[in-house]
Amino acid sequence: MAHRRTFSARFPDMTPVMLDSPPLTPIPNVGGFPISGSRKPRAYWARTTLLAGFAFVALSLYLLVVSHPALRAPSFLDTARPAAADGARWSSETFRKALKHKKPVAAAADFSARPQIVLNATQELAAVSSFIASLPQNMIPATVDPSLPIDPQLILDFDTRGPHAEEELQAVMQDVWTRNPVMLYCKVHSPVSRELKQVLKNLYLRPASTIVDVDTRPDEHVLTQLLYRLTSASELPILLVGGRIIAEPKEIKWLAETGDLQKAITEAGAVVDGSRKKKPKKL
Ligand SMILES: *[C@@H]1O[C@H](CO)[C@@H](O)[C@H](O)[C@H]1NC(C)=O
């Protein structure tokens, strides 16, 4: 109050104004419009027309420069694929808006809507074996339920929803048993496993047997259960020749003595005595 009184005292002919108004000038007539508004002179209309004209031009410019791409959006999406140069001119915001206005192009829609390939047990065993054999650090995630078909995209390195998924799966099926004609899932701590490894070692195979010591792997539990489901075996070791179980582990030694094991292995594409000086491939 003291401040205000001082203000009035210094300018006694002015009505007191709020302190947030400019203190020394009357309330400015911002637009140049007369405050009473009852009389509208020629100059008023001229100014109004000018301002309206200016606003119209500004709006037109805005629509032309800023919003134009959004207005063009549907015609852009009519073309099957956005060319890289065109795409670069688009901000992600306009692109998102444009996508909302129009259904996505057919190719893009199919790509996301396409279901994943379904693997039967033969294919699943091949895919799992390919995954395990291709890199020692490839582990079946602990979240996998081994009693259910595994999610193909966890173990296959191609787009399992892509248009060529079936052909790529065929290629994996071919490739895995060509590279690993003899594959042994076994245990370090098992006499039967050790005996079987020795039988294979004595055959000097080329390519060498692929040996997977399941009990030394972090995914031991899930992998064991997965293999039991896929091969109908109920214990390790599991010997796959050309992707198939040819006999129970206990019978393998006998099959090696009769020569039937060598025959099956040769049919699967490995050469017996092909690597007299090489050791079996360790995983
Ligand atoms: C899985 O599918 C493949 C290819 O279609 C076929 O050769 C194979 O016999 C099938 N396996 C089973 C167990 O159905």
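Counting convention: from 1, in listed order, for ligands and their atoms alike.
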Inset, instruction - Would you check if the side chain of Glu124 reaches a backbone N or O of Leu230 as a donor-acceptor pair within less than 3.5 Å? - result: no

Legend entry - atom 14 (O) of ligand 1 protein-contacted, heavy-atom criterion under 4.0 angstrom: yes

Legend entry - Salt bridge Arg217-Asp219, side-chain N to carboxylate O under 4.0 Å: yes

Legend entry - Arg229 and Asp145 ion-paired at < 4.0 Å: no

Inset, instruction - Would you verify that at least one protein heavy atom lies under 4.0 Å from atom 7 (O) of ligand 1, or report that none does? - result: no

Inset, instruction - Check each atom of ligand 1 against the heavy atoms of Thr122 and keep those under 4.0 Å away; list them by number with element. - result: 10 (C), 11 (N), 12 (C), 13 (C)

Legend entry - Top protein contact for atom 1 (C) of ligand 1, by heavy-atom distance: Asn120 ND2, 1.4 Å

Legend entry - Ser193 side chain to Cys186 backbone, donor-acceptor under 3.5 Å: no

Inset, instruction - Apply the test salt bridge (charged side-chain N to carboxylate O under 4.0 Å, His left out) to residues Arg114 and Asp159: give CA-CA distance (whole Å), side-chain angles for both, the deciding distance (0.1 Å), then the verdict. - result: CA-CA 11 Å; Arg114 186 187 289 271; Asp159 180 2; over 6 Å; no

Legend entry - N/O separation below 3.5 Å, Gln170 to ligand 1: no

Inset, instruction - Could you tell me the residue and atom name of the protein heavy atom closest to atom 5 (O) of ligand 1, and the distance to it rounded to 0.1 Å? - result: Gln123 NE2, 4.0 Å

